[in-house]
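Atoms within a ligand are numbered from 1 in the order they appear, just like the ligands themselves. One-based numbering along the sequence shown. Remember, predicted model here, so these are calculated numbers, not experimental data.
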Amino acid sequence: MSTDLFDLSGKIALISGAGSRGGQGAAQARLFAEHGARVVIGDLPSSQGREVAAEIGDAAMFVELDVTDEASWAAAVAATKARWGAPSILSNTAGVWLMKGILETSAAEYQKVIAVNQIGVYLGMAAVLPDMKAAGSGAIVNISSVSGIKGGGQPFAYAASKWAVLGMTHQAAHDLAKFGIRINAICPGVVDTPMIEGGKPVLEHLESMIPTGRAGQPSEIASIALFLVSEASSYVSGTQIVADASLTA
Ligand SMILES: NC(=O)c1ccc[n+]([C@@H]2O[C@H](COP(=O)([O-])OP(=O)(O)OC[C@H]3O[C@@H](n4cnc5c(N)ncnc54)[C@H](O)[C@@H]3O)[C@@H](O)[C@H]2O)c1
(Lines give C-alpha, C1' and ligand atoms only; values in the text may rest on other atoms or scores of the structure.)
Protein backbone atom coordinates (compact mmCIF):
# COMPACT_ATOMS: atom_id res chain seq x y z
CA MET A 1 0.00 0.00 0.00
CA SER A 2 1.29 3.47 -0.90
CA THR A 3 2.46 5.77 1.89
CA ASP A 4 1.99 8.79 -0.38
CA LEU A 5 -1.01 10.64 1.02
CA PHE A 6 -1.53 12.30 -2.37
CA ASP A 7 -1.56 9.04 -4.32
CA LEU A 8 -4.74 8.69 -6.40
CA SER A 9 -3.96 5.26 -7.89
CA GLY A 10 -7.15 3.34 -8.52
CA LYS A 11 -9.29 6.49 -8.28
CA ILE A 12 -11.63 7.61 -11.04
CA ALA A 13 -12.14 11.36 -11.16
CA LEU A 14 -14.95 13.03 -13.07
CA ILE A 15 -14.14 16.71 -13.55
CA SER A 16 -16.73 19.07 -15.00
CA GLY A 17 -15.47 22.09 -16.91
CA ALA A 18 -12.10 20.45 -17.58
CA GLY A 19 -12.29 21.19 -21.29
CA SER A 20 -10.72 24.64 -21.08
CA ARG A 21 -7.02 24.14 -21.87
CA GLY A 22 -5.90 27.08 -19.73
CA GLY A 23 -8.57 26.55 -17.09
CA GLN A 24 -8.67 25.12 -13.62
CA GLY A 25 -10.46 21.88 -14.51
CA ALA A 26 -7.80 20.92 -17.06
CA ALA A 27 -5.09 21.71 -14.50
CA GLN A 28 -6.81 19.39 -12.04
CA ALA A 29 -7.10 16.66 -14.67
CA ARG A 30 -3.37 16.83 -15.45
CA LEU A 31 -2.42 16.84 -11.77
CA PHE A 32 -4.81 14.06 -10.74
CA ALA A 33 -3.52 11.90 -13.63
CA GLU A 34 0.08 12.59 -12.59
CA HIS A 35 -0.90 11.24 -9.18
CA GLY A 36 -2.29 8.04 -10.63
CA ALA A 37 -5.99 8.74 -11.17
CA ARG A 38 -7.95 8.05 -14.30
CA VAL A 39 -9.66 11.28 -15.25
CA VAL A 40 -12.87 12.00 -17.10
CA ILE A 41 -12.94 15.40 -18.75
CA GLY A 42 -16.58 16.51 -18.75
CA ASP A 43 -17.38 19.60 -20.77
CA LEU A 44 -19.48 21.00 -23.58
CA PRO A 45 -18.89 19.58 -27.09
CA SER A 46 -17.62 23.02 -28.16
CA SER A 47 -14.85 22.94 -25.53
CA GLN A 48 -11.24 21.79 -25.93
CA GLY A 49 -12.00 18.71 -23.85
CA ARG A 50 -10.94 16.20 -26.52
CA GLU A 51 -7.55 17.90 -26.87
CA VAL A 52 -7.06 18.07 -23.10
CA ALA A 53 -7.82 14.34 -22.80
CA ALA A 54 -5.54 13.46 -25.74
CA GLU A 55 -2.68 15.46 -24.20
CA ILE A 56 -3.01 13.55 -20.92
CA GLY A 57 -3.11 10.21 -22.72
CA ASP A 58 -4.55 6.82 -21.79
CA ALA A 59 -5.45 7.90 -18.26
CA ALA A 60 -7.97 10.42 -19.61
CA MET A 61 -11.20 10.36 -21.55
CA PHE A 62 -13.51 13.12 -22.73
CA VAL A 63 -17.26 12.99 -22.24
CA GLU A 64 -19.71 15.54 -23.54
CA LEU A 65 -21.38 17.06 -20.51
CA ASP A 66 -23.82 19.91 -20.06
CA VAL A 67 -23.90 20.35 -16.30
CA THR A 68 -27.34 21.97 -16.42
CA ASP A 69 -28.89 18.77 -17.77
CA GLU A 70 -29.65 15.81 -15.49
CA ALA A 71 -29.68 13.34 -18.41
CA SER A 72 -26.30 14.58 -19.54
CA TRP A 73 -24.85 13.86 -16.09
CA ALA A 74 -26.40 10.38 -16.15
CA ALA A 75 -24.81 9.72 -19.54
CA ALA A 76 -21.40 10.98 -18.34
CA VAL A 77 -21.51 8.74 -15.27
CA ALA A 78 -22.63 5.78 -17.42
CA ALA A 79 -19.77 6.35 -19.86
CA THR A 80 -17.31 6.53 -16.94
CA LYS A 81 -18.66 3.29 -15.47
CA ALA A 82 -18.51 1.54 -18.84
CA ARG A 83 -14.83 2.46 -19.27
CA TRP A 84 -13.35 2.36 -15.78
CA GLY A 85 -16.04 2.09 -13.09
CA ALA A 86 -18.02 4.51 -10.97
CA PRO A 87 -16.43 7.89 -10.16
CA SER A 88 -14.74 7.90 -6.75
CA ILE A 89 -13.91 11.59 -7.12
CA LEU A 90 -16.06 14.41 -8.48
CA SER A 91 -14.83 17.92 -9.12
CA ASN A 92 -17.56 20.41 -9.94
CA THR A 93 -15.46 22.99 -11.75
CA ALA A 94 -17.64 24.11 -14.70
CA GLY A 95 -18.75 27.69 -14.35
CA VAL A 96 -19.75 30.85 -16.17
CA TRP A 97 -19.05 34.47 -15.30
CA LEU A 98 -21.38 37.46 -15.67
CA MET A 99 -19.94 40.85 -14.78
CA LYS A 100 -23.25 42.57 -13.99
CA GLY A 101 -24.98 44.04 -10.97
CA ILE A 102 -28.62 43.40 -10.10
CA LEU A 103 -29.92 46.37 -12.09
CA GLU A 104 -28.29 45.17 -15.31
CA THR A 105 -29.05 41.46 -14.92
CA SER A 106 -32.09 40.11 -16.82
CA ALA A 107 -34.09 37.19 -15.45
CA ALA A 108 -32.82 35.00 -18.30
CA GLU A 109 -29.21 35.90 -17.53
CA TYR A 110 -29.74 35.23 -13.83
CA GLN A 111 -31.24 31.82 -14.58
CA LYS A 112 -28.38 30.90 -16.93
CA VAL A 113 -25.73 31.63 -14.31
CA ILE A 114 -27.66 29.77 -11.61
CA ALA A 115 -28.28 26.84 -13.97
CA VAL A 116 -24.57 26.30 -14.60
CA ASN A 117 -22.92 27.40 -11.37
CA GLN A 118 -25.50 26.25 -8.84
CA ILE A 119 -27.83 23.64 -10.32
CA GLY A 120 -24.88 22.13 -12.21
CA VAL A 121 -23.14 21.46 -8.90
CA TYR A 122 -26.28 19.95 -7.38
CA LEU A 123 -26.87 17.69 -10.40
CA GLY A 124 -23.23 16.60 -10.40
CA MET A 125 -23.34 15.57 -6.77
CA ALA A 126 -26.71 13.86 -7.22
CA ALA A 127 -25.35 11.90 -10.20
CA VAL A 128 -22.37 10.38 -8.39
CA LEU A 129 -23.62 10.04 -4.82
CA PRO A 130 -25.57 6.74 -5.16
CA ASP A 131 -22.44 4.88 -6.30
CA MET A 132 -20.26 6.62 -3.69
CA LYS A 133 -22.78 5.73 -1.01
CA ALA A 134 -22.78 2.09 -2.16
CA ALA A 135 -18.97 2.09 -2.13
CA GLY A 136 -18.84 3.69 1.32
CA SER A 137 -16.36 6.30 0.15
CA GLY A 138 -15.94 9.26 -2.16
CA ALA A 139 -14.54 12.77 -2.35
CA ILE A 140 -16.18 15.78 -3.94
CA VAL A 141 -14.70 19.23 -4.47
CA ASN A 142 -16.91 22.11 -5.54
CA ILE A 143 -15.39 25.27 -6.97
CA SER A 144 -16.95 28.33 -5.39
CA SER A 145 -15.15 31.71 -5.39
CA VAL A 146 -14.27 34.62 -3.17
CA SER A 147 -17.51 35.96 -4.67
CA GLY A 148 -19.15 33.31 -2.48
CA ILE A 149 -17.77 34.69 0.77
CA LYS A 150 -17.58 38.43 0.19
CA GLY A 151 -20.53 40.79 0.20
CA GLY A 152 -19.81 43.99 -1.64
CA GLY A 153 -18.47 44.61 -5.11
CA GLN A 154 -19.22 41.22 -6.62
CA PRO A 155 -21.27 40.46 -9.75
CA PHE A 156 -24.83 39.73 -8.65
CA ALA A 157 -25.88 36.39 -10.19
CA TYR A 158 -22.35 35.01 -10.02
CA ALA A 159 -22.04 35.83 -6.32
CA ALA A 160 -25.47 34.33 -5.60
CA SER A 161 -24.48 31.12 -7.35
CA LYS A 162 -21.15 30.85 -5.55
CA TRP A 163 -22.70 31.44 -2.11
CA ALA A 164 -25.11 28.63 -2.98
CA VAL A 165 -22.21 26.33 -3.79
CA LEU A 166 -20.93 26.76 -0.24
CA GLY A 167 -24.40 26.16 1.21
CA MET A 168 -24.75 22.94 -0.75
CA THR A 169 -21.22 21.86 0.15
CA HIS A 170 -21.82 22.27 3.88
CA GLN A 171 -25.25 20.67 3.89
CA ALA A 172 -24.35 17.72 1.68
CA ALA A 173 -21.13 17.08 3.60
CA HIS A 174 -23.08 16.83 6.83
CA ASP A 175 -25.66 14.50 5.27
CA LEU A 176 -23.14 12.22 3.58
CA ALA A 177 -20.42 12.00 6.24
CA LYS A 178 -21.86 8.79 7.64
CA PHE A 179 -21.33 7.12 4.26
CA GLY A 180 -17.63 7.93 4.12
CA ILE A 181 -18.11 10.70 1.57
CA ARG A 182 -16.24 13.99 2.02
CA ILE A 183 -17.39 17.18 0.33
CA ASN A 184 -15.42 20.42 0.35
CA ALA A 185 -15.15 23.63 -1.64
CA ILE A 186 -12.45 25.95 -2.86
CA CYS A 187 -12.89 29.71 -3.07
CA PRO A 188 -10.29 31.00 -5.51
CA GLY A 189 -9.54 34.68 -5.83
CA VAL A 190 -8.39 35.90 -9.24
CA VAL A 191 -7.03 33.05 -11.34
CA ASP A 192 -5.39 33.56 -14.72
CA THR A 193 -7.72 31.53 -16.96
CA PRO A 194 -9.81 32.19 -20.08
CA MET A 195 -12.66 33.18 -17.73
CA ILE A 196 -10.94 36.55 -17.21
CA GLU A 197 -12.60 38.44 -20.03
CA GLY A 198 -10.79 41.35 -21.62
CA GLY A 199 -7.32 39.85 -21.65
CA LYS A 200 -4.15 41.35 -20.22
CA PRO A 201 -5.42 44.87 -19.37
CA VAL A 202 -8.25 43.44 -17.25
CA LEU A 203 -5.93 40.93 -15.62
CA GLU A 204 -3.44 43.69 -14.76
CA HIS A 205 -6.21 45.82 -13.29
CA LEU A 206 -7.34 42.92 -11.10
CA GLU A 207 -3.77 42.13 -10.10
CA SER A 208 -3.33 45.70 -8.90
CA MET A 209 -5.93 44.94 -6.18
CA ILE A 210 -4.21 41.77 -4.96
CA PRO A 211 -1.74 42.27 -2.10
CA THR A 212 0.83 40.04 -3.81
CA GLY A 213 0.30 41.84 -7.11
CA ARG A 214 -0.35 38.71 -9.12
CA ALA A 215 -3.20 36.42 -10.10
CA GLY A 216 -3.10 32.76 -9.15
CA GLN A 217 -2.23 30.11 -11.71
CA PRO A 218 -4.67 27.24 -12.38
CA SER A 219 -2.04 24.80 -11.07
CA GLU A 220 -2.05 26.62 -7.72
CA ILE A 221 -5.76 25.92 -7.30
CA ALA A 222 -5.48 22.39 -8.69
CA SER A 223 -3.01 21.46 -5.93
CA ILE A 224 -5.65 22.41 -3.35
CA ALA A 225 -8.17 20.23 -5.17
CA LEU A 226 -5.63 17.38 -5.06
CA PHE A 227 -5.32 17.82 -1.31
CA LEU A 228 -9.10 17.81 -0.87
CA VAL A 229 -9.71 14.64 -2.89
CA SER A 230 -6.74 12.72 -1.46
CA GLU A 231 -6.11 10.89 1.80
CA ALA A 232 -4.08 13.90 2.94
CA SER A 233 -7.41 15.56 3.85
CA SER A 234 -9.10 12.46 5.30
CA TYR A 235 -10.50 14.40 8.29
CA VAL A 236 -11.59 17.47 6.28
CA SER A 237 -15.21 17.76 5.17
CA GLY A 238 -17.91 20.40 4.93
CA THR A 239 -15.61 23.36 4.65
CA GLN A 240 -13.83 25.55 2.12
CA ILE A 241 -10.31 26.66 1.43
CA VAL A 242 -9.92 30.25 0.34
CA ALA A 243 -7.04 30.69 -2.11
CA ASP A 244 -6.73 34.39 -2.84
CA ALA A 245 -3.29 35.48 -1.64
CA SER A 246 -5.00 37.43 1.18
CA LEU A 247 -7.27 39.46 -1.14
CA THR A 248 -10.22 39.04 1.26
CA ALA A 249 -8.17 38.76 4.44
N1 LIG B 1 -10.78 32.43 -13.13
C2 LIG B 1 -11.07 32.99 -11.97
O3 LIG B 1 -10.57 34.09 -11.62
C4 LIG B 1 -11.99 32.29 -11.00
C5 LIG B 1 -12.04 32.75 -9.68
C6 LIG B 1 -12.87 32.10 -8.76
C7 LIG B 1 -13.63 31.01 -9.17
N8 LIG B 1 -13.57 30.59 -10.47
C9 LIG B 1 -14.37 29.42 -10.82
O10 LIG B 1 -13.49 28.39 -11.22
C11 LIG B 1 -14.19 27.47 -12.08
C12 LIG B 1 -13.34 27.19 -13.30
O13 LIG B 1 -13.26 28.35 -14.10
P14 LIG B 1 -11.96 28.71 -14.94
O15 LIG B 1 -11.36 29.89 -14.31
O16 LIG B 1 -11.15 27.50 -15.16
O17 LIG B 1 -12.66 29.21 -16.29
P18 LIG B 1 -12.73 28.61 -17.76
O19 LIG B 1 -13.65 29.53 -18.49
O20 LIG B 1 -11.36 28.41 -18.28
O21 LIG B 1 -13.42 27.17 -17.58
C22 LIG B 1 -14.79 27.01 -17.37
C23 LIG B 1 -15.24 25.74 -18.08
O24 LIG B 1 -16.61 25.49 -17.76
C25 LIG B 1 -17.22 24.99 -18.93
N26 LIG B 1 -18.67 25.12 -18.90
C27 LIG B 1 -19.42 26.26 -18.96
N28 LIG B 1 -20.72 25.95 -19.00
C29 LIG B 1 -20.80 24.60 -18.96
C30 LIG B 1 -21.88 23.68 -18.99
N31 LIG B 1 -23.17 24.08 -19.06
N32 LIG B 1 -21.60 22.36 -18.94
C33 LIG B 1 -20.32 21.92 -18.89
N34 LIG B 1 -19.26 22.74 -18.86
C35 LIG B 1 -19.51 24.07 -18.91
C36 LIG B 1 -16.60 25.79 -20.06
O37 LIG B 1 -16.79 25.17 -21.33
C38 LIG B 1 -15.14 25.84 -19.61
O39 LIG B 1 -14.40 24.75 -20.13
C40 LIG B 1 -15.53 28.13 -12.37
O41 LIG B 1 -16.53 27.55 -11.55
C42 LIG B 1 -15.31 29.58 -11.98
O43 LIG B 1 -16.51 30.22 -11.63
C44 LIG B 1 -12.78 31.20 -11.39
Which bit of [X] gets closer than 4.0 Å to ligand 1, counting heavy atoms only: side chain, backbone, both or neither?
X	result
Asp192	neither
Ser144	backbone
Val116	side chain

Taking atom [atom1] of [X] and atom [atom2] of [Y], what is their separation to the nearest 0.5 Å?
X	Y	atom1	atom2	value
Ile149	Trp163	CD1	CH2	8.0 Å
Ile140	Ser237	CD1	OG	9.0 Å
Leu203	Ile196	CG	CD1	6.0 Å
Ser88	Leu14	OG	CG	10.0 Å
Asn142	Met168	CG	CE	6.5 Å

Output the list of atoms in ligand 1 that are nearer than 4.0 Å to some heavy atom of [X], sorted by atom number.
X	answer
Val190	3 (O)
Ser145	6 (C), 7 (C)
Leu65	32 (N), 33 (C)
Gly23	16 (O), 20 (O)
Ile143	9 (C), 10 (O), 11 (C)
Gly19	39 (O)
Ile196	3 (O)

Do any pairs count as a ring pair (Phe, Tyr, Trp, His ring centres under 6.0 Å) and have a residue in residues 22-51, sequence neighbours left out, and if so which ones?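 Passing the test, one end in residues 22-51: no pairs.
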
Consider every N or O of [X] and every N or O of ligand 1, then say whether any pair is closer than 3.5 Å.
X	result
Thr193	yes
Val191	yes
Val96	no
Asp66	yes
Lys162	yes
Asn117	no

Select the closest option to atom 8 (N) of ligand 1 among Tyr158, Trp73, Trp97, judged by heavy-atom distance.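 Nearest heavy atom to atom 8 (N) of ligand 1 lies in Tyr158.
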
Write out the residue and atom name of the closest protein heavy atom to [atom], then the distance separating them to 0.1 Å.
atom	answer
atom 11 (C) of ligand 1	Thr93 O, 3.0 Å
atom 22 (C) of ligand 1	Gly95 O, 3.8 Å
atom 13 (O) of ligand 1	Met195 CE, 3.7 Å
atom 32 (N) of ligand 1	Val67 N, 3.0 Å
atom 10 (O) of ligand 1	Gln24 NE2, 3.1 Å
atom 29 (C) of ligand 1	Leu44 CD1, 3.7 Å
atom 36 (C) of ligand 1	Asp43 OD1, 3.6 Å
atom 20 (O) of ligand 1	Ser20 OG, 2.6 Å

The criterion is salt bridge (Lys or Arg N to Asp or Glu O under 4.0 Å); which residues satisfy it with Asp131, sequence neighbours excluded?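 By the salt bridge (Lys or Arg N to Asp or Glu O under 4.0 Å) rule, Asp131 matches Lys81.
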
Decide yes or no on salt bridge (Lys or Arg N to Asp or Glu O under 4.0 Å) for Arg50 and Glu64, but give the supporting numbers first. CA-CA 9 Å; Arg50 279 186 187 78; Glu64 291 186 9; 3.3 Å; yes

Do [X] and [Y] make a side-chain contact, defined as non-hydrogen atoms from C-beta onward lying under 4.5 Å apart?
X	Y	result
Val121	Ile143	no
Leu8	Ser230	yes
Asp43	Phe62	yes

Could you tell me if any non-hydrogen atom of Ser16 lies under 4.0 Å from any atom of ligand 1? no

Strictly under 4.0 Å, does any heavy atom of Gly189 approach an atom of ligand 1? yes

Can you see whether Ser161 engages Asn117 through a side-chain donor-acceptor pair at a distance of less than 3.5 angstrom?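 The answer is yes; a qualifying pair exists.
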
So, Gln28 versus Ser91: side-chain donor-acceptor pair below 3.5 Å or not?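 Result is yes, a qualifying pair exists.
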
Give the ring-plane orientation class for Trp97 versus Tyr158, where under 30° counts as parallel, over 60° as perpendicular and anything between as tilted. perpendicular

Does a salt bridge link Glu204 with Arg214, judged by any charged N lying under 4.0 Å from a carboxylate O? no

